[in-house]
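What follows is a single structure, written as structure tokens, with notes after it.
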Amino acid sequence: RAYKIRKGDTLLRIVYREMGVTSGAWDAVRAVQVLNPGIVDVNKIYEGHTIILPAAAAGTLAVESSPVIGSAVAVLPVQEPAAPQAPSPLKVETKATIELSPAARLAVIKQIITKMNGIMMTSGNYYLPVSDTEQLTIDCAAIPVIQLDAQSTVFLDTGSRSSAQLKKLISQYWKNYHLIKIHDQDDVIVVLKKIFNNMPGYAISKAHKPLVAGKAPHVEIVADWVITKKTSRSVSRDLLGIRFVGENEPQMPRAIVDYASASSLSIVELSPGKGIVEKPQEIYSLPAPVSLPSSPCGEFAWALVNYLDLQAQRDTDVRIFNIDEDGFNLSIKADISVSTGDHRTLIFTRSLPEEFTEILQKAGDRLIFISDDDEPSVNLEKILKGLNVVFDTGYFGFSGTDKNQGPYHFGFRGTKIEADKNIYIINFDLNNELRGLLHEIWEAQVVKY
């Protein structure tokens with residue numbers, strides 16, 4: 001169906017809002033790009049232009065790629081548009097080359113192997129025993145040696161220095177050792193393919209969908225290539241993602257790269273003429289983390305109203321009957337009393353007799369009843385509603401392209417309070433670097449209970 005771009009739109013916002021996408025957002029974005037070949041850069045769309053959206057959320061995006069870095073063809077996935085007049089799946093070709101000298105290319109390979117906790121020896125000698133009295137000596141400066149585990153050792157002949165006899169000798173005596181020839185015109189991806197095609201249990205392939213790192217929250221990162229390791233016959237684990245970065249393209253924030261690394265997923269960005277590029281470590285001016293006690297509910301409520309900087313008192317005596325009017329005095333104790341303008345809000349951690357409730361409400365008091373039997377999220381909602389605080393609950397997503405950063409997305413479920421700085425109240429520990437990213441880039445504060 002057709003959609004006219006509005007002011008402030010991004011493709012991510014469009015797929016969230018118009019297509020109802022809640023996960024796999026980048027698959028949907030790339031599917032929209034395929035349907036609209038005029039969108040060369042997914043970060044650049046223009047108000048007033050009309051684009052075609054898939055009839056439903058997109059499936060898995062298949063990407064075919066040539067051995068040359070960055071030469072890729074994106075193919076629209078499984079689902080045909082429902083409307084007969086909608087365009088058929090199209091191919092969009094984008095080209096980018098990364099030209100590196102043999103020395104720079106070798107340095108990139110070494111950094112990638114190191115990030116995978118492997119070893120690449122480019123100096124000294126490597127010895128292979130042939131018999132009790134003979135050994136094969138390999139000059140690592142001429143033929144670098146790569147080791148990832150006991151089953152994966154590769155020798156890189158980078159200058160056609162080895163002979164067919166040497167390769168035959170290695171394959172005859174050592175089944176887990178492989179000699180591969182690297183040519184000057186070989187691109188980084190071509191070299192990596194030669195390496196991992198000779199390493200049992202490892203594979204390099206095009207990234208058909210965003211890579212996922214972490215659990216709470218999980219972060220989706222768009223990459224061009226991915227190196228995986230098979231952990232069982234049917235399960236593989238992503239070890240490293242490779243992303244190509246053009247001259248004017250934004251890089252991935254270090255907070256995202258570090259978070260992925262802590263989840264055993266390395267992210268490498270390659271730039272033309274530079275090889276591996278990394279953003280400097282971001283220094284965030286973070287306030288101290290705020291943690292509200294989730295129980296007992298009275299302590300939770302007291303911590304919350306104080307965090308919101310409301311005028312509140314604890315254990316307040318509230319008069320129900322007055323001796324001058326009723327002939328006797330009777331007061332009850334409110335756990336918390338909050339004054340907001342001309343109104344008073346009373347928070348109770350216990351129920352009251354119905355007649356007491358009616359008397360207080362007729363006097364203009366607002367009443368909030370919370371309980372330890374309820375989940376903290378339920379008590380939170382009761383308190384915010386009773387205090388007339390503007391809030392929303394649900395899933396909140398954050399995408400790098402919205403802030404001119406690298407293509408990543410993460411989100412979490414929680415409660416959002418509208419204030420000078422948006423406040424997100426969650427019930428899990430958020431990584432400190434992600435908290436810093438939210439604070440600096442989205443001007444958001446995170447509170448845990």
Side-chain angles (χ1 to χ4, degrees), residues 69-70 98 100-123 140 144-156 158 178 180 182 186-207 209-215 218-231 236-245 249-282 400 405-408 431 433-434:
I69 283 186
I98 295 182
L100 298 174
S101 67
R105 179 191 61 193
L106 201 62
V108 167
I109 299 298
K110 187 171 184 176
Q111 285 180 276
I112 288 174
I113 296 299
T114 302
K115 283 181 177 290
M116 294 176 63
N117 296 321
I119 299 173
M120 180 169 170
M121 291 167 277
T122 55
S123 63
C140 298
V145 181
I146 293 175
Q147 286 185 319
L148 278 180
D149 52 46
Q151 303 298 319
S152 307
T153 301
V154 170
F155 304 101
L156 302 183
T158 58
H178 304 275
I180 59 177
I182 305 300
D186 285 347
D187 165 276
V188 172
I189 295 298
V190 172
V191 176
L192 290 172
K193 282 185 174 182
K194 289 181 177 181
I195 292 170
F196 290 106
N197 285 343
N198 287 283
M199 286 191 170
Y202 293 88
I204 179 171
S205 61
K206 299 169 291 294
K209 57 185 179 180
L211 309 182
V212 177
K215 293 182 179 179
H218 75 258
V219 175
E220 294 183 353
I221 301 171
V222 175
D224 295 288
W225 291 84
V226 59
I227 298 173
T228 59
K229 182 178 182 180
K230 292 181 180 178
T231 55
S236 61
R237 180 168 63 91
D238 295 339
L239 297 179
L240 184 137
I242 300 173
R243 176 177 176 256
F244 306 132
V245 183
E249 282 188 83
Q251 290 178 237
M252 206 68 69
R254 278 291 297 275
I256 296 295
V257 173
D258 291 346
Y259 182 75
S261 178
S263 303
S264 300
L265 173 65
S266 296
I267 301 297
V268 169
E269 294 183 297
L270 294 179
S271 173
K274 298 178 182 178
I276 290 182
V277 291
E278 289 184 328
K279 286 193 73 173
Q281 187 72 49
E282 294 102 351
Q405 295 185 315
Y408 67 85
N431 172 272
E433 287 188 90
L434 293 186

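Listed by chain and residue number, nothing satisfies the side chain to side chain donor-acceptor pair (under 3.5 Å) test with Asn117 (two or more places apart in sequence, or in another chain). Applying the salt bridge (Lys or Arg N to Asp or Glu O under 4.0 Å) criterion to Lys110, with sequence neighbours excluded, gives no partner residue. For Asp238, the side-chain contact (heavy atoms from CB on, under 4.5 Å) test picks out Leu211, Val226, Thr228, Leu265, with sequence neighbours left out. By the side-chain contact (heavy atoms from CB on, under 4.5 Å) test, Pro102 pairs with Arg105, Asp184, sequence neighbours left out. With sequence neighbours left out, Arg243 forms a side chain to side chain donor-acceptor pair (under 3.5 Å) with Glu269. Under the rule for a side chain to side chain donor-acceptor pair (under 3.5 Å), the partners of Glu433 that lie at least two apart in sequence or sit in another chain are Gln281. Evaluation of the salt bridge (Lys or Arg N to Asp or Glu O under 4.0 Å) rule for Glu282 yields no partner, not counting sequence neighbours. Checked against salt bridge (Lys or Arg N to Asp or Glu O under 4.0 Å), Asp186 has the following partners two or more places apart in sequence or in another chain: Lys194. Partners of Arg237 according to the salt bridge (Lys or Arg N to Asp or Glu O under 4.0 Å) rule, which considers only residues two or more places apart in sequence or in another chain, do not exist here. For Lys279, the side chain to side chain donor-acceptor pair (under 3.5 Å) test picks out no residue, with sequence neighbours left out.
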When you look at Ile146 and Leu156, which way does the side chain to side chain contact (heavy atoms under 4.5 Å, CB included) test go after all the steps? CA-CA 8 Å; Ile146 293 175; Leu156 302 183; 3.7 Å; yes
Assess whether side chain to side chain contact (heavy atoms under 4.5 Å, CB included) is satisfied between Ile189 and Phe244, documenting all intermediate values. CA-CA 11 Å; Ile189 295 298; Phe244 306 132; 4.2 Å; yes
Evaluate side chain to side chain contact (heavy atoms under 4.5 Å, CB included) for Leu270 paired with Val277, printing each intermediate quantity in order. CA-CA 6 Å; Leu270 294 179; Val277 291; over 6 Å; no
For a side chain to side chain contact (heavy atoms under 4.5 Å, CB included) check, start with the C-alpha distance between Trp225 and Lys206, then their side-chain angles and the critical distance, and finish with the verdict. CA-CA 4 Å; Trp225 291 84; Lys206 299 169 291 294; 3.6 Å; yes
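Note that NZ of Lys193 is 7.5 Å distant from CD1 of Ile204, once rounded to the nearest 0.5 Å.
The only member of Val188, Asp224, Ile267, Leu192 that meets side chain to side chain contact (heavy atoms under 4.5 Å, CB included) when paired with Ile242 is Leu192. Exactly one of Met199, Met120, Lys229 qualifies for a side chain to side chain contact (heavy atoms under 4.5 Å, CB included) with Leu148. That residue is Met199.
Between Pro280 and Arg254, the closest heavy-atom pair is O-CG, 3.3 Å. The two residues Thr122 and Pro144 have their closest heavy-atom pair at CG2-CB, 4.1 Å. Here the closest non-hydrogen pair linking Ile195 and Val154 is O-CG2, 4.0 Å. In terms of heavy-atom proximity, Val245 sits nearest to Pro250 at CG1-O, 4.4 Å. A pairwise comparison of heavy atoms in Cys140 and Ser123 identifies CB-O, 3.5 Å as the closest pair. Across every non-hydrogen atom of Pro253 and Gly406, the tightest pair is CD-N, 4.4 Å.
With a 4.5 Å cut-off on side-chain heavy atoms, Ile112 and Ile227 count as touching. For the pair Met252 and Tyr408, the minimum side-chain heavy-atom distance is below 4.5 Å. No side-chain heavy atom of Ile113 sits less than 4.5 Å from a side-chain heavy atom of Ile119. Side-chain contact between Asn197 and Ile180 is absent, with no heavy-atom pair separated by less than 4.5 Å.
Formation of a donor-acceptor pair under 3.5 Å by the Ser271 side chain with backbone atoms of Lys274 is not found in this model.
For the salt bridge (charged side-chain N to carboxylate O under 4.0 Å, His left out) condition, the pairs that include at least one residue of residues 113-122, sequence neighbours left out, are Lys115-Glu278. Screening residues 259-268 for side-chain hydrogen bond (donor to acceptor under 3.5 Å, both in side chains) gives no qualifying pairs among residues at least two apart or on separate chains.
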